[in-house]
2 protein chains.
Amino acid sequence: MLQQETHSPRSSEETRLRIFAAARQLIAKKGRRGTTTREIAELAGVNEATLFRHFGNKDALIDACVLHYCPAVDLQAFLPNRDGNIEEDLRAIAHFMTERMESLRDLILATFVEEEQWSAAGDAAWRAPAMIKQILTDYMAARVQRGELEGDPVLMARLFMGTIFAYVVGRKRMHYPDYTLDQIIDFNINVFLNGVRKKN
Amino acid sequence: MLQQETHSPRSSEETRLRIFAAARQLIAKKGRRGTTTREIAELAGVNEATLFRHFGNKDALIDACVLHYCPAVDLQAFLPNRDGNIEEDLRAIAHFMTERMESLRDLILATFVEEEQWSAAGDAAWRAPAMIKQILTDYMAARVQRGELEGDPVLMARLFMGTIFAYVVGRKRMHYPDYTLDQIIDFNINVFLNGVRKKN
DNA sequence: CAACAGTGCAAGTAAGTACTTGCACTCGCG
DNA sequence: CGCGAGTGCAAGTACTTACTTGCACTGTTG
């Protein structure tokens with residue numbers, strides 16, 4: 001009796017991806033609590049019941065979504081050549097970090113307004129930044145030991161990451177339409193390097 | 001028939017303040033949407049109906065709350081002595097900004113997950129930072145003109161604010177228990193100043 | 001004293017939300 | 001072909017939430 005010619009079934013995996021994409025979009029805009037399963041289903045072009053058949057409940061869905069978009073960092077791709085020129089290294093690191101944080105900005109911001117019980121996904125979103133922080137600290141320490149920089153490597157790494165964090169996150173509210181990303185990164189790196197380079 | 005000896009009536013203003021305090025606390029923890037009027041009333045020690053008698057609806061309540069905690073900046077107290085020592089000026093500015101942003105951190109973070117229709121309160125929370133940005137830019141420009149610093153004042157102000165923003169906001173996820181606020185601020189200012197000070 | 005503004009309390013309403021269920025359909029695979 | 005996994009659809013349940021209402025009470029103010 002029921003004709004259903006319009007909808008062709010999709011693979012299970014494709015459905016998951018569509019749900020993830022929709023969920024992420026809504027989480028970024030309204031936060032975890034403000035996002036409804038009905039909206040996710042609608043935006044994903046999927047029936048609401050399918051959400052629950054896949055993930056069981058809303059919390060598990062969103063956890064899976066965040067984990068899906070926040071995989072572990074590719075450390076190999078991130079590690080700079082430790083023998084290279086500092087300025088070039090930092091520039092490469094800054095661009096890598098900026099791109100990566102930019103692509104996760106919405107999820108990272110959403111973790112700021114999460115309740116404690118949701119910290120599983122929140123921790124996942126911050127895993128990558130935490131690892132990068134460590135790598136950066138090691139890098140700074142090596143350069144200090146070589147006598148190229150001077151100061152506390154922990155604070156140096158913190159400051160360097162902070163400038164990028166502020167750029168990415170702050171851009172949502174503070175707009176600088178007259179400057180390009182490269183201009184800002186270059187300026188920040190120059191000031192930073194002038195500030196921490198060892199004087200002769 | 002009903003005895004009501006336990007509750008002594010409070011002034012209308014005191015009730016408002018109690019509601020604001022409770023609302024702010026909950027907004028910080030759960031976000032705007034995650035906060036229920038029932039919770040606010042309970043935490044404020046006030047009947048839920050009183051909330052609506054005061055503010056009409058939940059949105060108006062929260063808008064009023066954010067506006068109440070985000071008054072215009074006291075520019076006079078913020079303006080540094082333009083003839084003073086740069087390092088001392090920046091230290092004073094940094095401490096002022098840090099304290100101020102720290103006290104508003106929860107509300108500022110909440111604005112990141114707001115929907116567009118709620119931007120009224122969101123704009124209010126960002127009014128102060130925007131004004132400070134402008135003051136800072138002017139300050140940097142003046143010092144550049146005097147030949148004490150070199151570089152683009154806009155980017156300098158942006159970088160300086162960014163370090164503080166990153167400290168305050170990032171502290172929610174990135175912990176540095178081994179360092180005091182003063183240590184970090186001093187380090188950041190030193191690097192910044194070394195980086196932008198005019199070389200002879 | 002008398003009016004009144006502000007509040008507490010209890011009950012209720014309408015809408016939204018997470019989640020379930022039973023059934024029909026369809027595609028791919030053995 | 002036939003079966004099963006994955007899905008759409010429609011209806012429904014139990015719960016939460018914003019918001020209302022009528023009434024009793026109390027401190028303040030004229």
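A, B, ... follow the sequence lines: proteins, then strands. Residue 1 opens every chain.
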In whole angstroms, the gap separating C1' of D/dG8 from CZ of A/R18 amounts to 13 Å
note: A/R38, atom CZ; D/dG12, atom C1'; distance rounded to Å ~ 12 Å
Here the distance between atom P of D/dA18 and atom CZ of B/F55, to the nearest Å, is 15 Å
Whole-Å distance, A/I40 CD1 to C/dC19 C1', equals 13 Å
Out of C/dT17, D/dT17, D/dG8, minimum distance to the side chain of B/T36 belongs to D/dT17
Out of D/dA10, C/dC19, D/dT7, minimum distance to the side chain of A/F52 belongs to C/dC19
query = Within 45° of the axis and under 6.0 Å from the centre of the six-membered ring of A/F112, does NZ or CZ of B/R173 qualify?
reply = no
- Query: Does B/Q183 reach the main-chain N or O of B/T180 with its side chain, forming a donor-acceptor pair under 3.5 Å?
  - Reply: yes
Note to self: Using OP1 and OP2 only, check whether a side-chain N or O of B/S12 sits under 4.0 Å from C/dA5.
What the structure shows: no
N or O in side chain of A/H54 less than 4.0 angstrom from D/dG6 OP1/OP2: no
5'-most contact on DNA chain D (nearest-nucleotide basis), A/E48 vs B/G56, goes to A/E48
When rounded to whole Å, the CD to P distance for the pair A/E14 and C/dT26 reads 18 Å
In whole angstroms, the gap separating P of D/dT16 from NZ of A/K58 amounts to 14 Å
Assess whether side chain to side chain donor-acceptor pair (under 3.5 Å) is satisfied between B/E39 and B/T36, documenting all intermediate values.
-> CA-CA 5 Å; B/E39 285 172 314; B/T36 73; 3.2 Å; yes
Considering only heavy side-chain atoms of A/A49, the closest of C/dG8, C/dT17, D/dA10 is D/dA10
Look only at the side chain of A/R105 and the backbone of A/V168, and say whether a donor-acceptor pair between them is shorter than 3.5 Å.
yes
Side-chain N,O (A/T37) to OP1/OP2 (C/dC19) below 4.0 Å: no
| field | Axial cation check for B/Y69 ring with B/R24, 6.0 Å and 45° limits | value | yes
B/N47 atom CG is separated from C/dA11 atom P, nearest whole Å, by 13 Å
Atom CG of B/L51 and atom P of D/dT17 are separated, to the nearest Å, by 14 Å
Between B/N57 and B/R53, the residue closer to the 5' end of DNA chain D by nearest nucleotide is B/N57
The nucleotide from D/dT21, C/dG8, C/dC19 with an atom nearest the side chain of B/V46 is C/dG8
So, OP1 or OP2 of D/dG6: does either fall under 4.0 Å of a side-chain N or O from A/T15? no
